[in-house]
Every structure is written in structure tokens, then in C-alpha cells.
Amino acid sequence: MTSADAIKVMKQEVGKAAADRVKSNSIVGLGTGSTTAYAIEYIGDRLSKGEITNIVGVPTSFQAEVLAKKYGIPLTTLDAIDHIDVAIDGADEVDPQKNLIKGGGAAHTREKVVDALANEFIVVVDGGKLTDKLGSTFLLPVEVIPMAITPVMNALTKLGGKPELRMGIKKAGPVVTDQGNLVVDVKFDSIDNPKELEKTINNIPGVLENGLFVGVADVVLVGEVINGKPTVREM
Ligand code: 5RP
């Protein structure tokens, strides 16, 4: 198995394991990213086979909405419900306390709203996402309203970060979020206190939300390939 194949298998298996935890009569937060995409597909699969019934999804992005429609999951909005039973979402980094960096798909603002509201938030990752300290391998995404981009980047630099405006791929110019904002990816040499940094960054005028998810995750499912065999374990 090539390493690309192994990552795909880990994502599929962990997505399936999360989908298997969804019970009938549930309101389900549908996360964003390539791993959650498999969870959405398998929830749709279980619905179509009649294994589960009466599921409604709350999408965290345009991507999640498109996938839910493709796989036959009925959707609702936060205005129409009073709770979310379970949310399933990916992450870019996970530390031993189950704190996360998210936002690799520029969807962390809506993801935080939905994931934080869920009675149970299940994170689905491949083993490569586990880290001792947040910020070691992944830059911290920050969503910023466009008119404030320069002062926000200056403020992030003053905090010790190295901010970079995220640019589009196969699209000239910057990435524009589902809300019409910009994303700055910030390199911090060391994130010693994620809880504090999450609040400090969100306090900069013009910042909508950053990708630190502290104390939000309940369960982390980790997909791994051990001796050529895909496995899923709960962290
Ligand atoms: C999107 C996210 C994703 O959940 C995160 O980037 C993980 O994605 P993938 O499962 O494709 O690795 O936070 O904003």
C-alpha cells in the first residue's frame, strides 16, 4: 500500500466508524473535509439501507451541504432546532487533551458553532494528525473580515505569529470563505496555552473566529494502518 492509499483507507475506516455511532431519531452536525466526507457518505448509506431512520443534518459548510444532498441526508438549520445530538468533524491537529486545530478547509467558523452545540462531538482523524503540542505541524487558521485584513495581520505579528494570507488553488487571488471573508494562516513557534490564545485572537477587532477548538471534542476516533491492516481506536 502506498502512503497515499494508507491515508485514504484510514480516512474511510474512521469515517465509517463515526457513522456507525449515529443513532435513529438524531440531529447530526455534518463537518467539513475529506475524512468527514466519508462519514457523510456512510450515514447516507445506512439511511438508504434502513439501518437508521429519522436523521436530519446540520451542515458546517457548502461542501457538507452538497455531500448531504448527494447522499440523501435531509438537512435543517439552527433556526429550526433546539439541540444537536452528535456532530462528526475532522481536524488538522489533535493534542493529548483533545484540543484541536481546525480550518484546513476554511470552514472553522461554522464548524465551531455546530460542533460546540452538539451534545457529543466526535472528531475523526488519521493517525498523522496527533501531536504533542498544537501548532507543531499545522498553521493556525484565522477568519478575518476583508476590510480589517491589514490591522489583523499586524496584531497577529505583535502576538508573535507569522501570518500569511491563504491563497486559492486553481483560483487567482485569496481563498474566500462561505461567509465571504478571508483566511490568514499563522505560524506560532509554540502554542503553550491554546485556551488563552483562542480568546486573545478572537478579541482582535476584525477577527471572526480562529481554528483553536479548546475543550470542545468529546471523542477522538483515530484511523491507523498497523501491519498493513486498517484499524480505528478511540483516543
Ligand atoms: C475544515 C476542517 C477539516 O475538518 C480539517 O481540515 C480536516 O480535513 P481532512 O479530513 O480533509 O484532513 O477543519 O475547515
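Since we're looking at a predicted model, the values are computed, not measured. Just follow the structure's listing: the first ligand is 1, and inside any ligand the first atom is 1.
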Can you name the atoms of ligand 1, numbered from 1 with element, that are less than 4.0 Å from a heavy atom of Gly105? 1 (C), 2 (C), 6 (O), 14 (O)

Minimal non-hydrogen separation, Leu139 against Ile101, with atom names: O-CG2, 4.0 Å

Do ligand 1 and Thr36 have nitrogen or oxygen atoms that lie under 3.5 Å from each other? no

Can you name the atoms of ligand 1, numbered from 1 with element, that are less than 4.0 Å from a heavy atom of Gly33? 8 (O), 11 (O)

Lys16 with Asp45: basic N within carboxylate O range, under 4.0 Å: no

So which heavy atom in the protein is nearest atom 11 (O) of ligand 1, and how far is it from that ligand atom? Ser34 OG, 2.5 Å

Tell me the nearest of Val125, Thr35, Thr32 to atom 3 (C) of ligand 1, using heavy-atom distances. Thr32

Can you tell me if Gly103 has a non-hydrogen atom under 4.0 Å from ligand 1? yes

Honestly, for Ser61 the part within reach of ligand 1 (heavy atoms, under 4.0 Å) is neither

Taking all non-hydrogen atoms of both residues into account, name the closest pair between Gly215 and Asn99 and its distance. N-OD1, 2.9 Å

Could you tell me whether the side chain of Glu224 reaches within less than 4.5 Å of the side chain of Asp126, counting heavy atoms only? no

Which of the atoms in ligand 1, numbered in the order shown and given with their element, are less than 4.0 Å from a heavy-atom of Gly90? 4 (O)

Val123 and Ala217 have their tightest heavy-atom pair at CG2-CB, 3.6 Å

As an exercise, identify every atom of ligand 1 less than 4.0 angstrom from a heavy atom of Asp92. 5 (C), 6 (O), 7 (C), 13 (O)

What one should report as the nearest heavy-atom pair of Ile149 and Val184 is CD1-CG2, 3.5 Å

Any heavy atom of Pro141 under 4.0 Å from ligand 1? The part involved is neither

Quick one: which ligand 1 atoms are inside 4.0 Å of a heavy atom on Ala106? 14 (O)

List every atom of ligand 1 that sits less than 4.0 Å from any heavy atom of Asp89, numbering the atoms from 1 in the order shown and giving each element. 4 (O)

Hey, could you give me the CG/CG distance between Asp85 and Asn25, rounded to the nearest 0.5 Å? 9.0 Å

Heavy-atom nearest pair, Lys162 first then Asp189, reads NZ-OD1, 4.0 Å

Can you sort out which atoms of ligand 1 are near Lys129, meaning under 4.0 Å from one of its heavy atoms? 7 (C), 9 (P), 12 (O)

Min over Gln63, Glu111, Lys102 of heavy-atom distance to atom 14 (O) of ligand 1 lands on Glu111

Which atom pairs, one a donor and one an acceptor, fall under 3.5 Å between side chains of residues 107-122 and the rest of the protein, sequence neighbours left out?
unit_1 : atom_1 : unit_2 : atom_2 : d
His108 : NE2    : Glu143 : N      : 3.4
His108 : NE2    : Glu209 : O      : 3.1
Thr109 : OG1    : Glu143 : OE1    : 2.6
Arg110 : NE     : Gln179 : OE1    : 2.6
Arg110 : NH2    : Gln179 : OE1    : 3.3
Glu111 : OE1    : Lys102 : NZ     : 3.1
Glu111 : OE1    : His108 : N      : 3.4
Glu111 : OE2    : Lys102 : NZ     : 3.2
Lys112 : NZ     : Glu198 : OE2    : 2.6
Lys112 : NZ     : Glu209 : OE2    : 2.7
Lys112 : NZ     : Asn210 : O      : 3.1
Lys112 : NZ     : Leu212 : O      : 2.7

